[in-house]
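In what follows, a single structure is set out as structure tokens and then discussed.
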Amino acid sequence: MSKSDTILKLLQGCNCIRRLHKIHALVITNGLQHHTPVSTKLLNFCAISVSGSLAYAQLLFHCIDNPQTQAWNSIIRGFAKSPSPIQAILYYNDMVFALVARPDTFTFSFVLKACERVKGERKCREVHGTIIRCGYESDVVVCTNLLRTYALNGSIDLAQRVFDSLSERDLVSWNSMISCYSQAGFHHEALKVYDRMKNETTGLDGFTLVGLLSSCAHVGALNFGVHLHGIALEEGFVENIYVGNALIDMYAKCGSLDDALRVFNSMQKRDVFTWNSIIAGCGVHGRGDGAVSIFRQMLMAGVQPNSITFTGLLCGCSHQGLVEEGVEYFHMMSSKFNLKPGVKHYGCIVDLFGRAGKLEKALEIIETSPTPDDPILWRILLGSCKIHKNVKIGETAMRNLMQLGESTGGDCILLSTIYAGAKDTAGVSEMRKMIKSQGMKTTPGWSWIEVGDRIHKFVVDDKSHPGYDEIYHKLREAIHQATLFGYVPEKSFINVAGLITEECLETSTSYHSEKLAIAFGLAKTSKGTPLRIVKNLRVCRDCHSFTKYISRAFNREIIVRDRVRFHHFKGGLCSCKDYW
DNA sequence: TTAGGGTTAG
């Protein structure tokens, strides 16, 4: 065996940096530092291997005269994955500038990974140009990297263009397009990609299902999610833990906690995502007791909880009014699991006390928290003051938001409502002035409902739907029926005062988005079919009351997912027991 | 002797 072969063999068995240094010394002693296969192999090993060293790789790289593509690729690849991916881009620049070694498809894949990590959209465009000049615009792997980099840098439209320009698409490129849309929050677009994909012969796999199920979860598309579950069963993907976890999340977020529990119970293998998904699912359905029980099972199964586990658990305690349990678990985070509570956990505790009417305690929690300057905490307190009609603490919360320069139109509306409840016209007027003078914007409310394989979206007083005559006719009939069962529409003081705001628009004198969605569901589905509504804001008191009466008058189960939780309306009652 | 895809909170 030659000396160079011996060294290459030694490298294969090398597992620590000290040994690597010895091999390098051997390379020098034997005069092999300019032996290309040896130096390239050594460089590649240092740049990539966990037992290697990037600094050492740099040293070796700079000892190579006229490094060729493979050597450049090693150093760019190593830095692209390292804590300083910008270095990969700098080496790529040097490579292109040097004009000695030509970048190949691997070079582009590595440098694009670096662009993705440094959020270098401009650099990505420049690399894209070079890819075209080098004639690699049809390479499916390079283009998959390219579209991911564009998408993860916020240019989803460019990602779509790269994808569309591909002459041939394989399963990974389809999956990448779906997951990019899903991760960027374009869930309807993700689902539309699947419509196109179905017409190809590519097939699908667990990655496809996970991306699609995640988007179903976000938009509340239960029917489509059930269809995907069917495919997962037929094609044997239900054993895949990622698919199982995504199914739990989809069912829980689409309002079917029982199905989420069925998937959870059927899973042979569970990881922290599995437990977190089902605990959070119980939490948003107001089943704090269920969340606590599953959390105990998680500990018995020997799975270490993380901070997300506690977000779900504390949220469950808050929605069910389990104050003592919530406080106990909050303290347990640091005392038993060495987890530092973050602002979200403090938010849950403020909500837990606030919702339970312990507003002084909620205030104390914010003031003694590590982040008393976080507007989220004050906003949660303001929300609790609305529930419990507490003007004094509500004003304190608002004052803090203003001092932080974080008060929004939504906050003014919350305080207006509190003033309105206290018949404080001066207060309402002051908030109205503030909204107008500062030109504050509010979030427009919308609701959607899935009927068949389509999702129908409504805004307040929506007249854009093609079947709006029928919808408004059904709504008037529904209001009449609900009234016969005892529904009394709530008059809004704010509306009387003429405040043109989101809350004003969302009053019983106009038709809320969820009322329109319910009317549409009643008109378009057969008797007894449950209605599932997704709403972007919290459900208002009038709509909550209306939906309870509708569930009784029409004998329908109505599941409403609002901004923070689910409400299951059945027989004139709501699962939240009016505690929300 | 190198390259591309997945889940949970908010």
Side-chain angles (χ1 to χ4, degrees), chain A residues 8 36-37 40-41 43-45 47-49 68-78 80-81 103-113 116 136 139-149 151-152 162-163 166 169-183 185 190 202 204-218 237 240-250 252-253 260 263-264 267 270-281 283-284 305-316 342-345 347-348 376 380 563-564:
Chain A
L8 289 171
T36 307
T40 309
K41 176 86 189 173
L43 167 67
N44 190 46
F45 183 88
I48 310 303
S49 165
Q68 294 305 296
T69 305
Q70 199 180 341
W72 285 103
N73 287 356
S74 293
I75 200 82
I76 294 169
R77 182 190 180 198
K81 289 182 172 177
D104 62 8
T105 55
F106 294 97
T107 322
F108 292 121
S109 294
F110 301 139
V111 75
L112 285 168
K113 176 62 77 184
E116 181 189 312
Y136 293 128
D139 187 288
V140 71
V141 179
V142 170
C143 286
T144 303
N145 273 310
L146 187 59
L147 79 86
R148 288 188 62 78
T149 309
L152 296 169
V162 171
F163 182 74
L166 273 168
R169 299 173 196 96
D170 63 6
L171 186 52
V172 178
S173 57
W174 281 102
N175 289 347
S176 297
M177 202 59 246
I178 291 172
S179 75
C180 284
Y181 268 129
S182 184
Q183 285 167 30
T202 327
L204 55 73
D205 64 8
F207 289 88
T208 327
L209 291 170
V210 168
L212 294 172
L213 285 167
S214 172
S215 282
C216 287
H218 278 96
F237 293 119
N240 178 325
I241 195 163
Y242 288 91
V243 173
N245 294 347
L247 280 168
I248 292 175
D249 183 53
M250 182 278 293
K253 290 219 181 89
V263 174
F264 173 78
M267 283 173 74
R270 294 169 184 159
D271 61 12
V272 72
F273 286 84
T274 322
W275 293 97
N276 287 357
S277 298
I278 196 69
I279 288 170
V284 292
N306 61 22
S307 66
I308 297 173
T309 319
F310 284 95
T311 312
L313 184 62
L314 296 175
C315 158
V343 68
K344 287 171 187 80
H345 305 101
C348 286
I376 295 168
I380 292 169
R563 192 164 50 79
V564 295

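Just so we're on the same page: letters track the sequence lines, and every chain starts at 1. All figures in this text were calculated on a predicted structure; none of them were measured in a lab.
Spacing between atom CG of A/D205 and atom C1' of B/dG6 amounts to 9 Å, rounded to whole angstrom units. Atom CG of A/D170 is separated from atom C1' of B/dA3 by 12 Å (rounded to the nearest Å). In this structure, A/I380 atom CD1 and B/dA9 atom C1' are separated by 13 Å, rounded to whole Å. In this entry the distance linking CZ of A/R169 with P of B/dG4 reads 21 Å, nearest Å. Following rounding to the nearest Å, A/D139 (CG) and B/dT2 (C1') show an atom-to-atom distance of 14 Å. Rounded to whole Å, atom P of B/dT8 lies 9 Å from atom CG of A/N245. One can place NE2 of A/H345 at 11 Å from C1' of B/dG10, the figure rounded to the nearest angstrom. Taking atom CD1 of residue A/I241 and atom P of nucleotide B/dT8, one finds them 14 Å apart after rounding to whole Å.
Listed candidates were B/dT7, B/dG6, B/dT8. Nearest to the side chain of A/S277 is B/dT8. The side chain of A/F110 approaches B/dA3 more closely than any other nucleotide in the set B/dT8, B/dA3, B/dG4. Nearest nucleotide to the A/N145 side chain, out of B/dT7, B/dG4, B/dA3: B/dG4. Comparing atom distances between the A/R77 side chain and each of B/dG6, B/dT1, B/dA3 picks out B/dA3 as nearest. Nearest nucleotide to the side chain of A/I308, out of B/dT1, B/dT8, B/dA3: B/dT8. Nearest to the side chain of A/F207, among B/dT2, B/dG6, B/dA9, sits B/dG6. Picking from B/dT8, B/dT7, B/dG4 the nucleotide with the shortest atom distance to the side chain of A/H218 gives B/dT8. Relative to the side chain of A/S179, the nucleotides B/dA9, B/dT8, B/dG6 differ in distance, and B/dG6 lies closest.
In this pair, A/F106 lays its aromatic ring flat on the base of B/dT2, centres within 5.5 Å and planes under 30 degrees apart. Stacking between A/Y242 and B/dT7 is absent: the ring centroid is not both under 5.5 Å from the six-membered base ring centre and under 30° in plane angle.
Annotation: side chain of A/D170 is in contact with side chain of A/S173 (closest heavy-atom distance under 4.5 Å). Side chains of A/T274 and A/D271 form a contact here, defined as non-hydrogen atoms less than 4.5 Å apart. Residues A/L171 and A/D205 form a side-chain contact, since some pair of their non-hydrogen atoms from C-beta on lies under 4.5 Å apart. Residues A/Y181 and A/S215 fail the side-chain proximity criterion, which asks for heavy atoms closer than 4.5 Å.
Contact annotation for A/F310: no contact, since no heavy-atom pair falls under 4.0 Å across all strands. Among the atoms of the strands shown, none is found under 4.0 Å from any heavy atom of A/L146. Among the atoms of the strands shown, only primed sugar atoms or phosphate atoms (P, OP1, OP2) are found under 4.0 Å from some heavy atom of A/D249. Among the heavy atoms of the strands lying under 4.0 Å from A/S173 is at least one base atom, whether or not backbone atoms are also near. Within the 4.0 angstrom heavy-atom criterion, base atoms lie near A/T105. No contact: A/G312 has no heavy atom under 4.0 Å from any strand. Note on A/E116: nothing from the nucleic acid sits closer than 4.0 angstrom, heavy atoms only.
By the ring pair (Phe, Tyr, Trp, His ring centres under 6.0 Å) test, A/F264 is found to be paired with A/W275, residues two or more places apart in sequence or in another chain being considered. Remark: A/Y242 pairs with A/V210, A/N240 by the side chain to side chain contact (heavy atoms under 4.5 Å, CB included) rule, at least two apart or across chains.
Rounding to the nearest 0.5 Å gives a distance of 7.5 Å between CZ of A/F110 and OG of A/S74.
Proximity of A/K113 to the phosphate of B/dG4: no side-chain N or O atom is located under 4.0 Å from OP1 or OP2. For A/S214, a side-chain nitrogen or oxygen approaches OP1 or OP2 of B/dT8 to under 4.0 Å. OP1 or OP2 of B/dG6 lies within a sub-4.0 Å distance of a side-chain N or O belonging to A/R148. Taking 4.0 angstrom as the limit, A/K253 places none of its side-chain polar atoms (N or O) nearer than this to OP1 or OP2 of B/dT7.
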